[in-house]
Amino acid sequence: MLLQRQTTSLRPLTTAHLAQTMTLLGLTVGELRQKIETELAENPALELVEEHHCPVCHRPQPNSGLCPLCSRLPSATAEQPIVFLSPREDFQHHGVLPAEDLPDDNLAPEVEDLPTFVLRQIAAELAPEDRSLAAHLLNNLDEDGLLSVSILEIASYHHVLPSRVEVVLKLIQRSEPIGVGCSNPQEALLVQLDVLAETRPIPLLAAEAIQQGMSLLSRRKYSELGQLLGISTSQASQIASFISNNLNPYPARAHWGDVHQSAEPSPNVYHTPDVIISRLNDREETPLVVEVITPLYGTLRVNPLFRQALHQAPPEHSTEWHQAIDRATLLVKCIGQRNHTIVRLMELLATIQRKFILHGEVHLLPFTRARMADELEVHESTISRAVSGKAIQLPTGRIIPLSTFFDRNLQVRTVLKQIINQEASANFSDSQLAVILKGHGYPVARRTVAKYRAMEGILPSHLRQPFKPC
DNA sequence: CTATGGCACGGATT
DNA sequence: AATCCGTGCCATAG
């Protein structure tokens, strides 16, 4: 107690304040934007200055002159990714990157919002008189693709039976992104599971796990989940990993597994991408364009006028004003630091995993955060923070967790999947698979093959269908 | 006897 | 320090 007091009083407020660093690295764009917005509202010393536009591509950017992309374009090489900060907020759910990214490219990007996207899919099966119902439903989706009104509300508004609304809703839920229009994540998962079951075997009890153990599932209490379902802990966690690999509780947020530990009231875990990677054009030998998304348009800085006015501060507000300045400086500095780290991280990642980004999971090289930390000469935890909870959009439009880049066995698992899919008549047993994998350069134990199978939801050999749909 | 799943341990990773 | 991951050994099912 006494000791604590001493240490706190030892530090003079002013310098301690400035030396401090905020933990911004671990935040996603969405979280960071919230933080900045509240800070902006509360702190008069903070100022958001208007952005400029690049004369070539008209993309908004902090400085005048050419934007980072356009200025680096001439010297771009295929191996070296172009990484820069981008204020883009308007990504598309299923988005192929809008063409505005390519200077000289005059194609207007076809912007389609989620409601129209879904409506187009179901149009054929939709009775004309139900069109307004569908429209009403689709317009009440929240940003996660979940329905924010009740069926009864809609029904009574349109003077129809709830069952009719349900029919339309079912139609919606079964279209891409599968699960849109469910009223909660749980329901969305179940619909997805159901649809998935038509094309591929799914683990037993997966549905039960979602129905009964949703809260356990999201808190990663696998042993309790196992007890609930009457199965072992490892079985439970295998089901969990299947779910997080293949299903998505927030349909509009594209493919993004990893049920995060933070419990119920934080829907922000699933979010818009923090980084978007695209290719410059369709040719093979092009540099990757990596956009690290910034939360706001414009640049954040300490208001110079406020700083000038500091001398004339009324004495009773003097310290208060100083603190405001300090806070603002700190925030600006930390945001800069955050951006810097992420940019460097992405530069290296995009270089190393170029093949993975372009050609898929088979080409993912095993690479640990520790190694990355070593290369970048930062602490391991820095990388961990930078990676965790963030999402990245690949050139294909898929959104995946950034942590996938450090998935140690994804590569082997995909190869395994391929082998099993290609297996002609006879199904390989786990030990056979182990031998084959060894031949491909992946020495794994038979026991491990079994685990990978389970993770991918592939049944044991004697239960597998001899015919592969392809 | 063969193929798999459960459990648990040790080492790597975060 | 906590967690994840690959593996070996044993039990069980077919």
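Every chain is numbered from 1, with letters handed out A, B, ... down the list of sequences.
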### Message
Can you tell me if A:Ser461 touches the phosphate of B:dT4, counting only side-chain N or O atoms and a distance under 4.0 Å to OP1 or OP2?
### Response
yes
## Note on the structure
Separation of B:dA12 atom P from A:Glu380 atom CD, nearest Å, is 13 Å
### Message
With a 4.0 Å limit, can you tell me whether A:Arg408 has a side-chain N or O closer than that to the phosphate oxygens OP1/OP2 of C:dG6?
### Response
no
### Query
Are A:Arg408 and A:Thr368 linked by a side-chain donor-acceptor pair shorter than 3.5 Å?
no
#### Entry: Sugar-phosphate only, base, or nothing, as touched by A:Arg369 at under 4.0 Å among non-hydrogen atoms
sugar-phosphate
### Task
Would you kindly give the CE-to-C1' distance between A:Met455 and B:dG5, to the nearest whole Å?
16 Å
### Query
Considering only heavy atoms and no angle criterion, is a donor-acceptor pair shorter than 3.5 Å present between the side chain of A:Arg446 and the base of C:dG8?
no
### Task
Can you establish whether the number of heavy atoms outside A:His322 located under 6.0 Å from its atom NE2 is more than 12?
no
### Task
Using a cut-off of strictly less than 4.0 Å, decide whether A:Tyr452 has a side-chain nitrogen or oxygen near OP1 or OP2 of C:dG6.
yes
### Query
Within this structure, what is the NZ-to-C1' distance between A:Lys451 and B:dG6, rounded to whole angstrom?
8 Å
### Query
Does a sphere of radius 6.0 Å around NE2 in A:His340 hold more than 12 heavy atoms from other residues, nucleotides or ligands, not counting ones at 6.0 Å or beyond?
no
### Query
Rounded to the nearest Å, what distance is computed from the CZ atom of residue A:Phe367 to the P atom of nucleotide B:dT14?
11 Å
#### Entry: Minimum-distance nucleotide (side-chain atoms of A:Arg447 versus B:dT14, C:dT7, B:dT4)
C:dT7
### Task
Calculate the interatomic distance between A:Asn409 atom CG and C:dT7 atom P; express it in whole Å.
10 Å
### Query
For A:Arg369, does the CZ atom sit with more than 12 other heavy atoms under 6.0 Å from it, leaving out its own atoms?
yes
### Query
For the pair made of CD1 in A:Ile383 and P in B:dT14, what is the distance, rounded to whole Å?
11 Å
### Query
A:Asp374 CG to B:dA12 C1': how many Å, rounded?
15 Å
### Message
Any base atoms under 4.0 Å from A:Arg371, or only sugar-phosphate, or nothing? Heavy atoms, all strands.
### Response
nothing
### Task
Measure from CG on A:Asp430 to P on C:dT7 and round the result to the nearest Å.
13 Å
### Query
A:Thr448 near the nucleic acid: base, sugar-phosphate alone, or nothing, with a heavy-atom cut-off under 4.0 Å?
base
### Query
Looking only at heavy atoms, what is the nearest atom pair of A:Ala328 and A:Leu46, with distance?
CB-CD1, 3.5 Å
